[in-house]
Amino acid sequence: MIDTIAVKAVDQNAEVLTGLAKKIWDNPETAFNEVKACQWTAEVLKNAGFEVEVGYVGMPTAIRAAWGKGHPVIGFLGEYDALPGLSQKVSTEKEPVTPGAPGQGCGHNLLGVACLGAALGMKAELEATGKEGTVVFYGCPAEEVLTGKAFMAREGAFTDLDAAFSWHGATINHVTLGTMTGLNSAVFHFHGITAHAGGDPHNGRSALDAVELMNVGANYLREHVTSDVRIHYVIKEGGTAPNIVPDNASVWYYVRAMSREAVEDTYRRLVLVAEGAAHMTETKLEIEFMGGCYNTLNPVMLTTLTHDVMEQIASPEWTEEEKAFAETLNAKSQQYEAVKASGVLENGPLCTSVLPVLHEDGYGSTDVGDVQHIVPCVQVMTATCNLAAPGHSWQITACAGMSIGMKGMLYGSKVMAAAAMKLVDDPKLVEEAKEEFKKQMNGKAYKCPIPKEVPIPQPQK
């Protein structure tokens with residue numbers, strides 16, 4: 001088993017780390033509004049001796065904190081934004097703290113702190129041994145809207161790193177070589193002419209008609225895209241009453257695919273559909289581009305190395321109380337029967353082992369993909385909730401506020417800290433990772449999917 005200075009340092013800082021995670025859980029803040037989480041995280045880093053910059057690259061809730069000197073320069077990608085509407089008590093019943101309020105339904109109160117714990121662990125071992133290396137913690141806003149790291153990258157972040165680590169809570173302990181999709185996000189606003197729908201409909205030009213025609217066109221487009229493409233939408237505005245021709249209507253689209261090129265081509269075609277809908281209805285089209293991110297690009301060597309480290313670090317031991325809590329949540333999950341049929345519940349309601357390296361693609365998205373197209377970057381996942389927990393659910397919020405989430409978080413910190421020290425101890429691994437990254441990029445260079453004219457969102461007052 002690995003029991004290095006870096007790993008022990010995570011345990012030594014456990015009270016500070018779990019206290020910070022609980023404080024962020026108690027005060028959930030949505031994307032770009034993580035003011036308290038940013039402040040509290042920065043305070044811990046300053047107290048630990050890091051050189052801390054808050055408001056990094058012009059983003060009010062972004063952090064860059066560094067300690068050490070020389071190479072390798074290792075980055076840890078923290079996040080802390082919550083999800084709208086997922087307020088939840090630490091309870092086995094769906095029971096919001098405040099109905100309709102945000103909650104940590106993706107466990108990001110743990111995410112930022114896990115990476116902070118890894119940074120503290122790596123720093124402790126560098127300091128104790130006198131080895132050369134630089135630790136960099138990034139507080140990254142707004143992962144839930146898939147643009148935070150892209151905005152940071154647009155402004156020059158991450159380019160000084162030799163390698164990076166990210167972490168996310170999950171139902172299982174694993175790393176993957178599968179791909180998650182890239183994405184474009186845009187709101188299509190149509191502007192028409194209002195009129196009385198019964199008295200003089202001929203004078204109206206319905207913006208809602210344009211939205212509906214665009215959606216019909218998009219649904220026909222699905223037949224003529226590659227199988228990796230996903231197109232989904234929600235109508236944001238559609239009018240006020242049936243007898244009033246809507247002069248304003250809007251629809252919000254996500255376009256996802258397994259490569260950035262496929263995202264951009266499908267999005268181009270979607271824009272043509274929108275323009276056609278505007279022509280058919282004699283309305284005006286305004287496109288509000290919300291942002292985008294890259295597909296993931298997992299480094300094979302570093303992923304394998306991190307998996308080997310994960311197997312050599314003691315995973316959490318669950319108490320009877322924790323297992324009972326998780327078992328009750330599992331039984332209430334809409335995924336329970338499917339998860340039970342898969343056999344993963346045979347060893348209990350919580351994950352107790354490390355899975356082999358996965359090669360399964362996932363159709364969700366993460367802005368970690370942007371960083372993975374700039375430097376070699378591994379995403380680690382450790383169990384922080386019950387095995388049948390649905391993604392973005394009240395069950396995840398509940399587990400993220402209690403010991404189940406905290407134990408999985410600290411385990412993730414140890415894995416990342418120990419894997420990072422492997423790179424410090426053997427510089428050849430860093431060179432191998434860089435060479436592999438170069439081959440994966442195959443002559444391409446990262447180009448931020450968010451144009452310069454799109455402003456960085458500011459915290460809501």
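Counting from 1, the numbers follow the sequence of the chain as shown.
- E288 has no carboxylate O lying under 4.0 Å from a charged side-chain N of K236, or vice versa, which leaves the two without a salt bridge.
- For Q460, the CD atom sits in a loose shell: 12 or fewer heavy atoms of surrounding residues, nucleotides or ligands are nearer than 6.0 Å.
- A donor-acceptor pair is defined here as one N or O able to donate and one able to accept, closer than 3.5 Å; such a pair exists between the side chain of D367 and the backbone of K149.
- Taking the charged nitrogens against the carboxylate oxygens, E53 and R64 have no contact shorter than 4.0 Å, which rules out a salt bridge.
- Remark: T384 OG1 to M402 CE distance equals 11.5 Å, nearest 0.5 Å.
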> Given the rule in the side-chain hydrogen bond (donor to acceptor under 3.5 Å, both in side chains) test, do N386 and Q395 qualify, once you have shown the distances and angles that lead to the verdict?
Replying inline: CA-CA 8 Å; N386 52 300; Q395 295 196 356; 2.9 Å; yes

> When you look at V54 and Q39, which way does the side chain to side chain contact (heavy atoms under 4.5 Å, CB included) test go after all the steps?
Replying inline: CA-CA 8 Å; V54 175; Q39 175 190 337; over 6 Å; no

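- Taking CG of N248 as the reference point, atom CD1 of I193 lies at 11.5 Å (rounded to 0.5 Å).
- I231 and A218 make their closest contact through CD1-O, 4.4 Å (heavy atoms, listed as atom of the first residue, atom of the second, distance).
- Remark: the W167 side chain and the T382 side chain contain an N/O donor-acceptor pair separated by less than 3.5 Å.
- Between P72 and L161 there is no side-chain heavy-atom pair separated by less than 4.5 Å.
- Not one N or O on the side chain of R205 forms a donor-acceptor pair closer than 3.5 Å with the backbone of T281.
- C399 SG to W25 CH2: the interatomic distance, rounded to the nearest 0.5 Å, is 10.5 Å.
- Checked by atom type and distance alone, the side chain of N109 never pairs as donor or acceptor with a backbone atom of K22 at under 3.5 Å.
- For the pair V271 and I287, the minimum side-chain heavy-atom distance is below 4.5 Å.
- Formation of a donor-acceptor pair under 3.5 Å by the T296 side chain with backbone atoms of N298 is not found in this model.
- Ring geometry for Y254 against W252 counts as perpendicular: the plane angle is over 60°, on a 0 to 90° scale with 30° as the lower cut.
- N215 and Y253 share a donor-acceptor pair across their side chains, judged by distance under 3.5 Å alone.
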> Should T397 and Q88 be marked as a side-chain hydrogen bond (donor to acceptor under 3.5 Å, both in side chains) after you check the CA-CA gap, both sets of side-chain angles, and the distance that decides it?
Replying inline: CA-CA 6 Å; T397 310; Q88 170 64 28; over 6 Å; no

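- Rounding to the nearest 0.5 Å places CD1 of I374 at 8.0 Å from CZ of F437.
- Ion pairing between a basic and an acidic side chain is recognised when a charged N comes within 4.0 Å of a carboxylate O; K23 and D26 show no such pairing.
- A salt bridge does not link D247 to K284: none of the charged nitrogens lies less than 4.0 Å from a carboxylate oxygen.
- Of the possible donor and acceptor atoms, one in the side chain of E34 sits under 3.5 Å from a partner among the backbone N and O of A142.
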>> Working note: Y446 + Y294, criterion ring-ring contact (aromatic ring centres under 6.0 Å, His included); need CA distance, chi angles, decisive distance, verdict.
In response: CA-CA 9 Å; Y446 175 78; Y294 272 67; 4.9 Å; yes

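- Salt bridge K452/E155: present, at least one basic N to carboxylate O contact under 4.0 Å.
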> Hey, mind stepping through L116 and L120 against side chain to side chain contact (heavy atoms under 4.5 Å, CB included) and telling me if it holds?
Replying inline: CA-CA 6 Å; L116 171 56; L120 295 179; 4.3 Å; yes

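- Surrounding CD of E43 are more than 12 heavy atoms belonging to other residues, nucleotides or ligands, all under 6.0 Å away.
- Residues A249 and V211 come closest through the heavy atom pair CB-CG2, 3.7 Å.
- When atom types are taken as modelled, the side chain of N184 and the backbone of V255 share no donor-acceptor pair closer than 3.5 angstrom.
- In this model, no donor atom of one side chain and acceptor atom of the other lie less than 3.5 Å apart for N330 and S333.
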> What's the verdict on ring-ring contact (aromatic ring centres under 6.0 Å, His included) for Y267 and F289, showing C-alpha distance, side-chain angles and the deciding distance?
Replying inline: CA-CA 11 Å; Y267 178 73; F289 187 74; 5.7 Å; yes

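- Although no hydrogens or angles enter the test, the distance criterion places no donor-acceptor pair under 3.5 Å between the side chain of D228 and the main chain of A257.
- Residues H307 and H174 place their aromatic rings such that the two centres sit no closer than 6.0 Å.
- The shortest non-hydrogen separation linking P459 to V35 is CB-CG2, 4.0 Å.
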> Where do M409 and V10 land on the side chain to side chain contact (heavy atoms under 4.5 Å, CB included) test, with the steps shown first?
Replying inline: CA-CA 10 Å; M409 173 189 78; V10 174; over 6 Å; no

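- Ion pairing between K332 and E93 holds under the 4.0 Å rule for side-chain N and carboxylate O.
- Under a 3.5 Å cut-off, the side chain of Q372 and the backbone N or O of C377 do form a donor-acceptor pair.
- Note that CG of L183 is 11.0 Å distant from OG1 of T366, once rounded to the nearest 0.5 Å.
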> For L110 and M406, what are the C-alpha separation, side-chain angles and deciding distance, and is it a side chain to side chain contact (heavy atoms under 4.5 Å, CB included)?
Replying inline: CA-CA 7 Å; L110 308 172; M406 303 298 169; 3.8 Å; yes

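- One N or O on the side chain of E29 and one on the backbone of K36 form a donor-acceptor pair closer than 3.5 Å.
- Under the 3.5 Å distance criterion, with hydrogens and angles disregarded, no donor-acceptor pair is assigned to the side chains of H373 and R260.
- In this structure, H108 has its ring center at least 6.0 angstrom away from the ring center of Y80.
- Across D209, N219, V273, a single residue satisfies side chain to side chain contact (heavy atoms under 4.5 Å, CB included) together with M214, and that is V273.
- With hydrogens and angles left out, the side-chain atoms of E286 and H191 include a donor and acceptor closer than 3.5 Å.
- The 12-atom threshold is not exceeded at NZ of K422, counting heavy atoms of other residues, nucleotides or ligands nearer than 6.0 Å.
- The aromatic rings of Y138 and Y56 lie tilted to each other, with the angle between the two planes from 30° to 60°.
- At a cut-off of 3.5 Å, with distance as the only test, a side-chain donor of T181 or S365 sits close to an acceptor on the other residue.
- Atom OG1 of T134 and atom NZ of K123 lie 13.0 Å apart (nearest 0.5 Å).
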